[in-house]
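Here is the naming used below: chain letters follow the sequence lines, and residue numbers restart at 1 for every chain. Owing to the predicted nature of the structure, the values given are computational and were not obtained by experimental measurement.
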Amino acid sequence: MPVKRHPDYIIIGCAGALVLFGLVMIFSSSAVLAGERFNDTYYFLKRQAIWSVIGVVVMIVTMRIDYRILSRYSALIYWVTVAFLILVFSNSLGREINGAQRWISLGFVSFQPSEFAKLGLIIFFASLLAKKEHEGKLTDFKLGFLPLIGSLALVFSLIQVQPDLGTAVIIGLVSMIMFLVAGVRFTHLLCTVLIAMPILVTAVYNVGYRRKRILSFLDPWEDAANSGYQIIQSFVALSRGGYFGEGLGAGHQKLFFLPEPHTDFIFSIVAEELGLAGGTLILFLFAMLTIRGVRAGLKAPDRFGSLLALGITFCIALQAAVNISVTMGVVPTKGLPLPFISLGGSALVMWMASVGLLANVSEHSA
Amino acid sequence: MRKNKITETQVSKDHWYRFRALFALFILLIWFSALGGRLVQLSFFTDERVERYSKRQGAGDVKIHLPRGIIYDRNMNELAVSIKTHSVYLDPAKVKDIEKTVTALTKILEPSDVKARHKKEERLINTVQRKRNRRFVWVKRKIDPAHYTKIKAANLKGVGFVKESRRYYPKRDVAARIVGFCGIDNQGLHGLEVYYDDVIGPRTSKFNVLKDALGRPVSMPDAMTIAEESEPVDLVTTVDERIQYVAEKALERKVTQVGAKGGIAIVMESATGQVLAMAEQPKFNPNSYKKYKKGMYKSTSVTNAVEPGSTFKVFVTAAALEERLFKPYSVVNCENGKYRVAGHVFKEANYQRHKDLTVAEIIQKSSNIGAIKIAEALGEDRLMKYLKKFGFGSKSGVDLPGENSGLLQPVSAWSKTTLPSISFGQEVGVTPLQLIVGLNVFANDGYKVKPHFVKTLLRNEKPIPNQPVISATKVVSGATVAQIREMMTNVVKNGTGKRGAVPGFEVAGKTGTAQKIDPATRAYSKDKFLSSFFGFFPAENPKLTILVMIDEPVGLAWGGHIAGPVFAEIAARASRILRIPPSGSEVYEVDWRRIEEAASKSRGDYKTSGI
């Protein structure tokens, strides 16, 4: 048995800094909006603060348990995840917001199962990959690859039809990276991607707003007043910041110029108000978290813990990179929030639970 | 336990696993770095189209209405001030139940007048329904402070307030015809308020502020910035509020007493031409000007020309004396009451008959035929020359809007009877202000001064330098002035103007009783008169020049009878206010108690008149 040591404080510190930074930025970016919509400038800040307290509690729990227990219940976790993703469509519990069925409402609280699906799937795959590896079936197509890709496909399509393509893509990417790192054959994966590609492309092109997003990504100035509007406004925000920004709270773009300033485009507001310094700080914190996460993963005492840590780390890093890339016009608009920072209760709790697990693994590192 | 051991050894051995994980990390770190580079690019190498957007949006000008300057009287009493009020508006997007909200609002705004309330309700609901997507609908501008408190307490959703400045006239109807008033947007509409609109307001200053995407200003410049920017200019008028008040009260009493249509009283500082008071009847309260008829707002002393009547004889006589055609004791044949010129028979007033009168007696008894004879001696051109010099027929340039130049036909347009008519103040139109300006020539040693109402302009409570100098022009010589003063003094002592006498002072005066032209018959009316009295005192060293006109008194209309006492009252009380030392040879016992009583009584009226 490896000696139990202290968790990686850098991981916890980075995550904590991002959450606190997020609270400040949520208030700065949403105060005007909240005042307008709810007559309470603190509306979003209050909610996010409550969620972050819940998040801290959850994080402490996930840090304290023995993460290896999760491996034992991984199949259960997978099926519960699937069940929740199906429940989203039920009439009594599901809730439709902005034309998407992503929410489950329990009366006093509502949450997005797709957020928890990320963590659920990472746990499940970490366990499954470790098991297949142990059994030596990882390179086997029928016994190794098919069950993996099959369980991914089920969750992927359930999230895809909500529709929440952004989360589905993140889950897909993270799973595949986990497969590859674990040692699944590259050719197997390549074939799957080649088969899935036409389906994905049709999915994108058959939905009007997604096609628009892609086209406006290619040239936002083509339709600057409509589909290109958001990304142009994000450019404006990023251009205004300079070295140290216009000052916290002093940004213009959140004044209804830039849509979703407190969620998907919060990074633009950070860059506007805190400039290159603020933007770089966020990138640095995520990079640091990624490095320490991979370190924890490679030092983990067992394959399950290793893959769990790597999966969580890649998930955080990927989503952060994709979100920031969207605000900079590097990839098409996805509708993905920035981990720890953007507004969103279930997401925050999920990220903090993940970081708790990450710290948990790091605690056991050899 | 066995399982774990195996896994442990596998991990440590599996270099490829390590490599793949580190490779993934490497890709992610490259990605983060690339995003850092992209951030630098977007921040410092901005697309010019983005920059255009950036410049265009967010910043905008807001117009802020700066409060108008204060209008003071000559002793720095406030005649017009700007006060802060609130205006109510509706934001239809935020209103939940429009009918309920509107009803609650109108109940507060129109508590008693049910009809007005319903009208307002209907109008508001209609507007809101028509302009559903508008975020701003005025409910009422510049509401009462009490209403503001009530609406605020009602805490209605979608009801908002805008702070606005509003004009308030603390002296209410006093000096209203001079000061004038402003409209709902604080734009000057009448009086000094409009004449000096460019100077004291309404100024809007543009401030560059932050605006949100819907064009709404997010922040407003703070009060200090506005104050610095605005540098309010205040007017100090020549008006003496106390004398204005005295003049208005004296005039009002007389007009009421004789059932006249209206009246005018002007008090001028003799040496400077500054107008101390300009009272007009009927009055109005500028704080609620909408309650009065539109025609009531004009300062008729400058906007309306009238036939002056006998007061005009003074100017004709002065011209003849200046030309040395007569001496005060030169005798003139007054034709025993009937004088035919070009087929028209001129008569004396009140069917009087005079045979031979000296020039001084012509003024004293106000003989029409005597005046005609003097004018005839002058001839048309010389008469015209002097009338122009006295300022008739042209605008005085007074600082009030809508000044009338009067009516003085060119000589070429005169008929045979024009010259004789003008000699006693007919066929000539003058404004009351022109008349007092002309008269003031005799009070001011032969110099004509441009009349004015504003003494100084103040910026930040300090006088603005380089203000125009009021120039004076010589009209008649000192000798003529002395002779005219003597004759006018005699009018008050022994002639038609006895009732214009002021206890303790020697007064120079002249009466006038002008027949008015009946608009129906276009002939001189038999019973409609303009009774006037003008004069100055103390006669030997004039301080104040005063004109009183009573329009269409009922019954006895003699200028001396009707206007004379008003003159005397204003003069007596003004002399006390200004502490002009009594100087006459005869010392009268002044019954101040009676005057005080009258004053306190009328002050009482003033108090109950309300806003």
Side-chain angles (χ1 to χ4, degrees), chain A residues 1-2 32 39 68 130 133-134 177 180-183 221 224 232-243 250 252-258 271 275-276 279-280 283-284 286-287 290-291 293-295 297-298 300-304 306 310 313-314 317-318 320-321 324-325 328-330 366, chain B residues 1 3-12 14 16-59 93-94 157-158 210-219:
Chain A
M1 274 302 288
V32 178
N39 267 330
R68 279 163 288 210
E133 149 107 273
H134 176 67
I177 293 170
L180 280 176
V181 170
W221 301 98
I232 287 171
Q233 290 301 334
S234 181
F235 286 154
V236 171
L238 294 164
S239 76
R240 295 180 83 115
Y243 285 107
H252 290 195
Q253 290 302 97
K254 64 195 178 192
L255 303 170
F256 312 106
F257 291 109
L258 178 63
L276 187 62
T280 314
L283 286 172
F284 174 78
F286 276 117
T290 313
I291 292 169
V294 171
R295 180 175 173 269
L298 291 180
D302 53 77
R303 184 47 63 90
F304 168 67
S306 175
L310 290 178
T313 307
F314 293 149
L318 262 178
I324 296 172
S325 299
M328 292 184 183
V330 179
Chain B
M1 269 333 213
K3 230 187 244 175
N4 274 345
K5 228 176 214 163
I6 294 165
T7 339
E8 268 172 52
T9 48
Q10 274 178 338
V11 169
S12 57
D14 198 344
W16 278 110
Y17 177 79
R18 218 179 151 76
F19 172 77
R20 287 190 298 261
L22 287 174
F23 185 74
L25 171 67
F26 175 70
I27 299 283
L28 283 166
L29 291 181
I30 294 274
W31 193 346
F32 281 128
S33 316
L35 288 177
R38 174 76 169 157
L39 181 59
V40 172
Q41 184 203 357
L42 289 173
S43 310
F44 300 105
F45 306 94
T46 310
D47 190 321
E48 57 142 11
R49 290 174 295 189
V50 172
E51 223 152 303
R52 247 200 338 265
Y53 263 69
S54 180
K55 269 189 199 133
R56 198 173 62 198
Q57 68 191 24
K94 284 191 179 172
K157 262 221 156 162
L210 186 57
K211 281 188 172 175
D212 71 12
L214 306 166
R216 295 171 302 183
V218 173
S219 59

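A donor and an acceptor atom, one from each side chain of Y17(B) and S306(A), are located under 3.5 Å apart.
Of the inter-residue distances, the one linking T290(A) atom OG1 with I27(B) atom CD1 reads 13.5 Å to the nearest 0.5 angstrom. The distance from the CG atom of L310(A) to the CZ atom of R20(B) is 11.0 Å, given to the nearest 0.5 Å. Between R240(A) atom CZ and S43(B) atom OG the span is 13.0 Å, to the nearest 0.5 Å. In this structure, CZ in F284(A) is found 12.0 Å from OG in S33(B), a value given to the nearest 0.5 Å. Taken from CG in L283(A) to CG in L29(B), the straight-line distance is 11.0 Å, to the nearest 0.5 Å. Of the inter-residue distances, the one linking S54(B) atom OG with Q253(A) atom CD reads 7.0 Å to the nearest 0.5 angstrom.
Across every non-hydrogen atom of R18(B) and L298(A), the tightest pair is NH1-CB, 3.9 Å. Considering every non-hydrogen atom in both R38(B) and M328(A), the closest pair reads NH2-O, 2.7 Å. Considering all non-hydrogen atoms of both residues, T280(A) and L39(B) come closest at N-CD2, 4.0 Å. For the pair F314(A) and L25(B), the tightest heavy-atom approach, listed with the atom from each and the gap, is CE2-N, 4.3 Å.
Considering only heavy-atom pairs separated by less than 4.5 Å from chain B, the leading option among G275(A), S325(A), A182(A) is S325(A). Ranking I177(A), I291(A), T313(A), L258(A) against chain B, the residue ahead of the rest is I291(A), based on heavy-atom pairs under 4.5 Å.
Both the backbone and the side chain of L35(B) come within less than 4.5 Å of a heavy atom in chain A. The contact between A317(A) and chain B is made by backbone and side chain atoms together, counting heavy-atom distances below 4.5 Å. For L276(A), the parts lying under 4.5 angstrom from a heavy atom of chain B are both the backbone and the side chain.
Counting only heavy atoms from C-beta outward, the side chains of Y243(A) and F44(B) approach each other to under 4.5 Å. Looking at L318(A) and W31(B), their side chains come closer than 4.5 Å, going by heavy atoms from C-beta outward. Using a 4.5 Å heavy-atom threshold, the side chains of L42(B) and F235(A) count as touching.
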Side chain to side chain contact (heavy atoms under 4.5 Å, CB included) for W221(A) and V50(B)? Distances and angles first, verdict last. CA-CA 10 Å; W221(A) 301 98; V50(B) 172; 3.5 Å; yes

Using side chain to side chain contact (heavy atoms under 4.5 Å, CB included), reason through S239(A) and E51(B) one step at a time and then give a plain yes or no. CA-CA 8 Å; S239(A) 76; E51(B) 223 152 303; over 6 Å; no

